K.L.:
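The structure follows.
Proteins come first, then strands; the chains are lettered A, B, ... in the order of their sequence lines, and each starts at number 1. Quick caveat: nothing in here was measured; it's all calculated off a predicted structure. The figures here come from the full heavy-atom set of this structure, side chains too, leaving out hydrogens, waters and symmetry mates.
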2 protein chains.
Amino acid sequence: MNISQAAKLSGLSVKTVRYYADIKMVEPARNIQSGYRSYSNDDVAKLNFIGKARRFNFSIEECRELLSLYQDKNRSSKEVKKLTLAKIASIDEKLKEFHSLREELSHLVNCCNGDDRPSCPILDELSK
Amino acid sequence: MNISQAAKLSGLSVKTVRYYADIKMVEPARNIQSGYRSYSNDDVAKLNFIGKARRFNFSIEECRELLSLYQDKNRSSKEVKKLTLAKIASIDEKLKEFHSLREELSHLVNCCNGDDRPSCPILDELSK
DNA sequence: TATAAAGTTTCCAGTCACTGGAATGTAAAG
DNA sequence: CTTTACATTCCAGTGACTGGAAACTTTATA
């Protein structure tokens with residue numbers, strides 16, 4: 001199938017699918033006459049896999065790792081679990097960060113009148 | 001003072017401070033003889049302000065807005081509060097995203113033996 | 001005072017994961 | 001046969017820096 005069909009089936013944009021070909025993550029066959037990329041069902045499965053992994057916040061490099069594990073029938077689930085646990089840990093960090101950020105900001109908002117006068121504890125805090 | 005002193009006082013890197021000058025966010029005076037950037041205490045206060053706002057996850061453009069409010073003695077606190085509330089809302093979105101991501105991943109990890117056998121529910125899920 | 005070291009300048013390139021757009025070529029539909 | 005849709009490559013831009021090179025100034029040391 002052509003690239004737009006592959007894009008549709010995998011839920012990615014044509015640009016993204018082409019990008020994944022450029023960076024040699026999913027390299028489809030080529031139609032010799034037209035030069036068009038020709039995607040197999042297997043290619044689409046890989047695109048799907050990558051799309052999901054990206055949505056799970058895995059980086060492109062991590063996707064590459066997962067993909068090679070995915071394609072290796074003799075891999076151990078230990079490796080995959082390790083990667084995933086590391087990902088969870090990094091998500092936890094981000095959660096912590098954003099949580100304390102939220103706390104601080106909402107504290108400031110609560111102190112701020114939000115009226116037409118210039119006095120503003122938010123700016124005061126920012127300038128300390 | 002020179003750039004490295006300003007960087008130290010504001011807790012930013014020299015590269016970052018120079019970058020903020022390049023994008024016309026904090027434009028210091030110049031030593032005519034040497035061409036070196038010459039930072040005033042006021043400049044450092046602005047750098048500090050920006051550093052904090054960035055740590056609060058405000059984008060450069062938002063920092064620019066906040067900075068101009070900060071420098072406008074007649075601004076109303078309403079505007080600042082509005083910006084901050086919007087920032088909180090966007091943080092809430094991110095929190096929600098990461099939270100559900102975390103849930104899904106930890107569910108997968110719990111289903112995975114993590115042993116030396118190839119069977120792996122994480123990859124199974126990713127390939128669905 | 002000569003030289004070395006530290007600090008600064010500009011400029012260009014790279015990061016990450018795409019996205020947009022132009023110019024051009026091919027395929028399918030009317 | 002022409003229009004339209006889809007495809008190709010290549011170049012540039014995003015955000016917010018960061019790294020590095022080459023050249024210059026200032027400061028410290030021998």
K.L.:
So with a 6.0 Å cut-off around CD of A:E93, is the heavy-atom count from everything else above 12?
P.N.:
no
K.L.:
Could you give the CG-to-P distance, from A:N2 to D:dA7, as a whole number of Å?
P.N.:
5 Å
K.L.:
Indicate whether OP1 or OP2 belonging to D:dC6 is found under 4.0 Å from a side-chain N or O atom of A:R37.
P.N.:
no
K.L.:
For nucleotides 21-25 of chain C, which of its nitrogen or oxygen atoms have a protein nitrogen or oxygen under 3.5 Å away, and what is each distance?
P.N.:
residue: C:dG21; atom: O6; partner: A:K15; partner atom: NZ; Å: 2.4
residue: C:dG25; atom: N2; partner: A:Y36; partner atom: OH; Å: 3.0

K.L.:
What's the closest nucleotide to the side chain of A:T16 if the choices are D:dC17, C:dT8, C:dT19?
P.N.:
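Per side-chain heavy atoms of A:T16, the pick is C:dT19.
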K.L.:
Kindly list each side-chain donor-acceptor pair under 3.5 angstrom involving residues 25-33 of chain B, sequence neighbours excluded, with atom names and distances?
P.N.:
residue: B:R30; atom: NH1; partner: B:G35; partner atom: O; Å: 2.9
residue: B:N31; atom: OD1; partner: B:Q33; partner atom: N; Å: 2.9
residue: B:N31; atom: OD1; partner: B:S34; partner atom: N; Å: 3.2

K.L.:
Side-chain N or O of B:S13 less than 4.0 angstrom from OP1 or OP2 on D:dT18?
P.N.:
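So the side chain of B:S13 is within the cut-off, an N or O lying under 4.0 Å from OP1 or OP2 of D:dT18.
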K.L.:
B:Y20 has a side chain; which of C:dT9, D:dC17, C:dT19 sits nearest to it?
P.N.:
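Selected nucleotide (nearest to the side chain): D:dC17.
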K.L.:
More 5' along DNA chain D: A:S4 or B:R54, using each one's nearest nucleotide?
P.N.:
A:S4
K.L.:
Side chains of B:I88 and B:I91: does their closest heavy-atom pair fall under 4.5 Å?
P.N.:
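B:I88 does not reach B:I91 side chain to side chain.
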K.L.:
Calculate the interatomic distance between B:Y39 atom OH and C:dT8 atom P; express it in whole Å.
P.N.:
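So the two atoms are 10 Å apart, to the nearest Å.
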K.L.:
Mind calculating the distance between CZ (B:R55) and C1' (D:dA16) to the nearest angstrom?
P.N.:
15 Å
K.L.:
Just the rounded figure in Å: distance from C1' of C:dT10 to OH of B:Y19.
P.N.:
17 Å
K.L.:
Taking CD from B:Q5 and P from C:dA6, how many angstroms apart are they, rounded to a whole number?
P.N.:
18 Å
K.L.:
Apply salt bridge (charged side-chain N to carboxylate O under 4.0 Å, His left out) to residues B:K94 and B:E97 and explain how you reach the verdict.
P.N.:
CA-CA 5 Å; B:K94 275 196 210 300; B:E97 256 180 67; over 6 Å; no
K.L.:
Can you check the A:I50 CD1 to C:dA17 C1' distance for me, whole Å?
P.N.:
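Taking CD1 of A:I50 and C1' of C:dA17, I get 13 Å after rounding.
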K.L.:
CG of A:N41: more than 12 outside heavy atoms within 6.0 angstrom?
P.N.:
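Not buried by this count: 12 neighbours or fewer within 6.0 Å.
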K.L.:
Could you check A:K87, A:K81, A:K82 and say which one makes a side chain to side chain contact (heavy atoms under 4.5 Å, CB included) with A:L85?
P.N.:
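For A:L85, the side chain to side chain contact (heavy atoms under 4.5 Å, CB included) test succeeds with only one of A:K87, A:K81, A:K82, which is A:K81.
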K.L.:
In whole angstrom, give the distance that lies between atom CG of B:L47 and atom C1' of D:dC17.
P.N.:
15 Å
K.L.:
From B:T84 OG1 over to B:E79 CD, what is the distance, rounded to the nearest 0.5 angstrom?
P.N.:
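Interatomic distance, B:T84 OG1 to B:E79 CD, rounded to 0.5 Å: 11.5 Å.
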K.L.:
Tell me which nucleotide among D:dT9, C:dT9, D:dC17 gets nearest to the side chain of B:I60.
P.N.:
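Per side-chain heavy atoms of B:I60, the pick is D:dC17.
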K.L.:
Please walk me through it: do A:K52 and B:D124 pass salt bridge (charged side-chain N to carboxylate O under 4.0 Å, His left out)?
P.N.:
CA-CA 11 Å; A:K52 254 202 183 151; B:D124 291 349; over 6 Å; no
K.L.:
Measuring from B:L12:CG to B:Y19:OH, what's the distance to the nearest 0.5 Å?
P.N.:
13.0 Å
K.L.:
Tell me: CZ of B:R18 to C1' of D:dA16, nearest whole Å?
P.N.:
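Distance check: B:R18 CZ to D:dA16 C1' gives 16 Å.
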K.L.:
Of the residues in residues 22-34 of chain A, which ones touch DNA chain C at a heavy-atom distance under 4.0 Å?
P.N.:
A:S34
